[in-house]
Colleague: 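Here's a structure for you.
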2 protein chains.
Amino acid sequence: MDKDNLMQFVRRILPMSRDKAAQLVEKFQPMKIGKNEYLLKEGKVCSETHFIESGTLRAYTYDFDGNEVTTAFYLKHTFAADLLSFFKSNPAKEYIQAVTDCETWYLTYEDMQANFHTIPEFREYGRLNIVEQYSQLKERMLSMLQETAEQRYSRLISSSPEIFQEVPLKYIASYLGIADTSLSRIRKEFAKK
Amino acid sequence: MDKDNLMQFVRRILPMSRDKAAQLVEKFQPMKIGKNEYLLKEGKVCSETHFIESGTLRAYTYDFDGNEVTTAFYLKHTFAADLLSFFKSNPAKEYIQAVTDCETWYLTYEDMQANFHTIPEFREYGRLNIVEQYSQLKERMLSMLQETAEQRYSRLISSSPEIFQEVPLKYIASYLGIADTSLSRIRKEFAKK
DNA sequence: GCTTCTACTTCGCAAATGTCAAGAAATCAG
DNA sequence: CTGATTTCTTGACATTTGCGAAGTAGAAGC
């Protein structure tokens, strides 16, 4: 397992030379996480950020009635971490669990800080990365505000069809903010078209 | 009009000496915006960030059916800007409009970049600020996912009662993701308790 | 003061979604 | 392979929310 995918990912966000990128990803270390195991539990501080080489994870928390609410899916070749816990060293408010067996490259908060100080590009990368995450969250927020459940489903399946191969529908339902029975009905309607 | 409130705000996010703070806010300039005027229009790049000395603004966009969707309220002594447009110099996807007459201190993107380079604290402040905004957006997202309209209303009125003094209820309805008639019903039910 | 406009409420009905229970289908463990 | 568990679907019914229309109250303009 080499760091090619990681380097490609980093350079797509912030173009830079191969050498710079290599320097930037040097501190990342490999990890394996078995299916249903946790990368992070509520109350713990998220002290690493993981680039997913293979596998899928999801983040979730509970609502007032004790139902699981899926807040994010992390597919291969993206980063998985609780951004808030990681950057502010706060206890996490959610769980991050492996939906399938996973292999990741992870970077500790300390190593990231070291990179921030020694590599100006990394500082810029870090900032862009947060803005990017903010952007995605905002789109999802807007989608919740202005679209019906069916429209949200339609958007998700066309923008991220991979998710549907990787995770159970009930997680997707709670991610879309609807009951799993409602999702089932929406899929039925949707299939007719 | 002096910069005391601005300095206080900045130092609350990132503690620093009075001198540092003074240096940091030096480039901010005053502006007045009349009721119903626009601080930003869709399609324009948001090239300044505004600290609101007095007054209230809101951000909004339109959904597929042409209805206004309020995405944010900006109360006095906070920052108003389209974060995504500002940091990425992209065309804004929304409008920012003054709900009442406003006075602001604004900083241009160029001046912010200059501050980033010359004042390390400001870099750190910028990053923390984005993380903070992300945090707030995430809470709202969760609130949409796990709470009923009435719970969201209840939460808003207890966390930000000021908003209800400043902006029409119909804006609040679209901010909560419901029709104004539904908000009216919810308020009626809510008043009984 | 009068008119006009906007914000807000209320009503009746329709559409969307939730809840609960049952059963089918798929997956997992031994 | 087989039984147990989990996931998914379906149906009946309740609840929430949206929509259009009508009416009221208050603010703004003249």
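In this text the structure is predicted, and so the values were computed from the model without any measurement.
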Colleague: Between D:dG11 and A:K188, is there an OP1 or OP2 to side-chain N/O distance shorter than 4.0 Å?
Modeller: yes
Colleague: Classify the side-chain pair A:T108/A:E48 by whether it contains a donor and acceptor separated by less than 3.5 Å.
Modeller: no
Colleague: Report yes or no: is the cationic atom of B:R140 (NZ for Lys, CZ for Arg) closer than 6.0 Å to the six-membered ring centre of B:Y175, at no more than 45° off its axis?
Modeller: yes
Colleague: Whole-Å distance between C:dT17 C1' and A:D180 CG?
Modeller: 12 Å
Colleague: From CG of B:L176 over to C1' of D:dT16, roughly how many Å is that when rounded to an integer?
Modeller: 15 Å
Colleague: Please state how far atom CG in A:L183 lies from atom P in C:dA16, giving the value in whole angstrom units.
Modeller: 16 Å
Colleague: Can you tell me which nucleotide in C:dG18, C:dT9, C:dT17 comes closest to the side chain of B:L169?
Modeller: C:dT9
Colleague: D:dT9 P sits how many Å from A:R185 CZ, rounded?
Modeller: 12 Å
Colleague: Which residue, B:K35 or B:S182, contacts DNA chain D at a nucleotide closer to its 5' end, judged by nearest heavy atom?
Modeller: B:S182
Colleague: Any chance the side chains of A:E68 and A:S174 put a donor and an acceptor closer than 3.5 Å?
Modeller: no
Colleague: Between B:T181 and B:Y171, which residue's closest nucleotide on DNA chain C lies nearer the 5′ terminus?
Modeller: B:Y171
Colleague: Heavy atoms from C-beta onward define the side chain here; which of D:dG18, C:dT17, D:dC8 lies closest to that of A:T148?
Modeller: C:dT17
Colleague: Rounded to whole Å, how long is the line connecting atom CD of A:E189 with atom P of D:dT10?
Modeller: 11 Å
Colleague: Could you tell me how far apart A:D101 (CG) and C:dC28 (C1') are, to the nearest whole angstrom?
Modeller: 14 Å
Colleague: In whole Å, what is the span from the CG atom of A:L145 to the P atom of D:dT17?
Modeller: 14 Å
Colleague: OH of A:Y153 versus P of C:dT17: gap in Å, rounded?
Modeller: 14 Å
Colleague: Looking at A:F73, is A:R58 sitting on its ring face, NZ or CZ under 6.0 Å from the six-membered ring centre and within 45 degrees of the normal?
Modeller: no
